[in-house]
Amino acid sequence: MTLPDPAQAPVDVTVSEEHAGVRLDWFIAQTFPSYSRTHIRKSINVQGVRVNGKRAKAAMRVNAGDVVTVSLPELAREGPLPAAIPLEILYEDDAIAVINKPPGMVVHPGRGHWEGTLASALRHHFDELSEFGGPTRPGIVHRLDRDTSGAIVIAKNDIAHHRLAAQFAERTIEKQYLAI
């Protein structure tokens with residue numbers, strides 16, 4: 001069943017047994033996958049989401065039968081402009097790429113950082129990227145802080161993005177951190 005866009009009008013969604021006990025922001029992200037969890041959390045904080053008619057917090061655990069009313073701000077329609085920023089590609093196949101993100105590079109556009117982002121570099125280097133995360137996050141499955149360097153996985157199509165995002169959410173991907 002396709003749900004209406006919660007940017008057009010509030011949408012009521014009833015929590016199923018399958019989703020009982022999950023965080024509210026995660027539940028909404030799974031229900032409306034074109035919206036990022038950051039976008040959803042901001043909406044929750046400004047009362048764009050209610051559970052059983054009451055304000056709720058992003059970390060709230062939902063119960064089966066809860067009615068979640070979702071009203072989200074419209075997504076930005078324009079993504080980052082391509083920029084010829086050098087990338088160190090560690091691995092690439094038809095579905096994904098792994099990039100060595102240098103410190104100091106912002107992953108996706110945001111307040112005060114609209115140019116010189118990894119997203120802009122990805123638009124320049126790859127013909128096809130997942131649109132699952134919205135137009136400002138082409139292919140970006142996860143992020144690293146601006147000052148953090150390391151491997152970042154990029155999805156070239158929506159199927160790969162969905163599967164990778166699920167692995168990150170279920171914590172089945174092994175990550176190693178080295179701090180100096």
Side-chain angles (χ1 to χ4, degrees), residues 15-45 49 56-64 68 75 79-80 82-83 85-111 113 116-180:
V15 178
S16 66
E17 287 286 337
E18 172 188 357
H19 292 107
V22 301
R23 286 175 52 113
L24 176 61
D25 58 343
W26 187 89
F27 171 74
I28 296 168
Q30 296 303 303
T31 306
F32 300 101
S34 61
Y35 291 89
S36 71
R37 281 180 69 181
T38 301
H39 191 81
I40 291 165
R41 278 191 213 106
K42 287 178 184 176
S43 298
I44 292 169
N45 291 338
V49 175
K57 295 189 177 196
M60 172 191 177
R61 301 287 176 173
V62 295
N63 298 306
V68 179
L75 287 171
I85 300 168
L87 290 178
E88 182 182 352
I89 301 170
L90 301 174
Y91 173 82
E92 182 178 6
D93 63 24
D94 291 341
I96 68 167
V98 179
I99 308 297
N100 185 20
K101 186 192 92 59
M105 178 183 270
V106 175
V107 173
H108 57 78
R111 189 176 348 149
H113 300 283
T117 65
L118 177 64
S120 294
L122 295 172
R123 285 266 189 228
H124 175 79
H125 287 279
F126 297 102
D127 294 330
E128 185 178 343
L129 292 165
S130 164
E131 296 179 10
F132 189 73
T136 60
R137 299 169 186 235
I140 297 171
V141 178
H142 63 102
R143 66 177 196 86
L144 295 173
D145 290 340
R146 175 178 53 190
D147 295 327
T148 302
S149 63
I152 186 164
V153 182
I154 305 303
K156 291 183 169 183
N157 60 60
D158 289 348
I159 293 170
H161 195 136
H162 180 72
R163 289 179 178 161
L164 286 165
Q167 290 175 35
F168 274 96
E170 295 163 4
R171 300 181 190 266
T172 56
I173 287 183
E174 183 180 322
K175 299 179 269 185
Q176 293 183 359
Y177 298 93
L178 176 62
I180 298 176

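Using a 4.5 Å heavy-atom threshold, the side chains of N157 and E128 count as touching. The shortest side-chain heavy-atom distance between I89 and I99 falls under the 4.5 Å cut-off.
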Please assess L87 against L118 for the test side-chain contact (heavy atoms from CB on, under 4.5 Å), listing each intermediate value before the final yes or no.
-> CA-CA 9 Å; L87 290 178; L118 177 64; 3.6 Å; yes

When you look at F132 and V141, which way does the side-chain contact (heavy atoms from CB on, under 4.5 Å) test go after all the steps? CA-CA 9 Å; F132 189 73; V141 178; over 6 Å; no

Item to check | Test log, rule side-chain contact (heavy atoms from CB on, under 4.5 Å), inputs V15 and N63 | outcome: CA-CA 7 Å; V15 178; N63 298 306; over 6 Å; no

*What's the verdict on side-chain contact (heavy atoms from CB on, under 4.5 Å) for L24 and K57, showing C-alpha distance, side-chain angles and the deciding distance?*
CA-CA 7 Å; L24 176 61; K57 295 189 177 196; over 6 Å; no

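Every salt bridge (charged side-chain N to carboxylate O under 4.0 Å, His left out) that E92 has, sequence neighbours left out, goes to K156. Residues passing the side chain to side chain contact (heavy atoms under 4.5 Å, CB included) test with A166 are E170, sequence neighbours excluded. The ring pair (Phe, Tyr, Trp, His ring centres under 6.0 Å) search around H19 returns F27, not counting sequence neighbours. Residues that satisfy the ring pair (Phe, Tyr, Trp, His ring centres under 6.0 Å) test with F168, not counting sequence neighbours, are H142. Applying the side-chain hydrogen bond (donor to acceptor under 3.5 Å, both in side chains) criterion to K101, with sequence neighbours excluded, gives no partner residue. Not a single side-chain hydrogen bond (donor to acceptor under 3.5 Å, both in side chains) links S149 to another residue, sequence neighbours left out. With sequence neighbours excluded, no residue satisfies side-chain hydrogen bond (donor to acceptor under 3.5 Å, both in side chains) with R61. The side-chain hydrogen bond (donor to acceptor under 3.5 Å, both in side chains) check on E88 picks up N100, with sequence neighbours excluded. With sequence neighbours excluded, the residues satisfying side chain to side chain contact (heavy atoms under 4.5 Å, CB included) with A169 are W26.
Pairing each heavy atom of V107 with each of L144, the nearest pair is CG2-O, 3.3 Å. Nearest heavy-atom pair, A20 versus A64, reported as atom, atom and distance to 0.1 Å: CB-N, 3.7 Å. Summarising the geometry of I85 relative to T117, their closest heavy-atom pair is CD1-O, 3.8 Å, with the distance given to 0.1 Å.
Judged as a salt bridge (Lys or Arg N to Asp or Glu O under 4.0 Å), the pairs with a partner in residues 17-31 (not counting sequence neighbours) are, in order, R23-D25, D25-R37, D25-R41. Applying the side-chain hydrogen bond (donor to acceptor under 3.5 Å, both in side chains) test to residues at least two apart or on different chains, the pairs with a partner in residues 160-169 are S130-H161. For residues 145-154, the pairs satisfying salt bridge (Lys or Arg N to Asp or Glu O under 4.0 Å) are R143-D145, with sequence neighbours left out.
Expressed to the nearest 0.5 Å, how far OG1 of T31 lies from CD1 of I40 amounts to 8.5 Å. Atom CG of L164 and atom OG1 of T172 lie 9.5 Å apart (nearest 0.5 Å).
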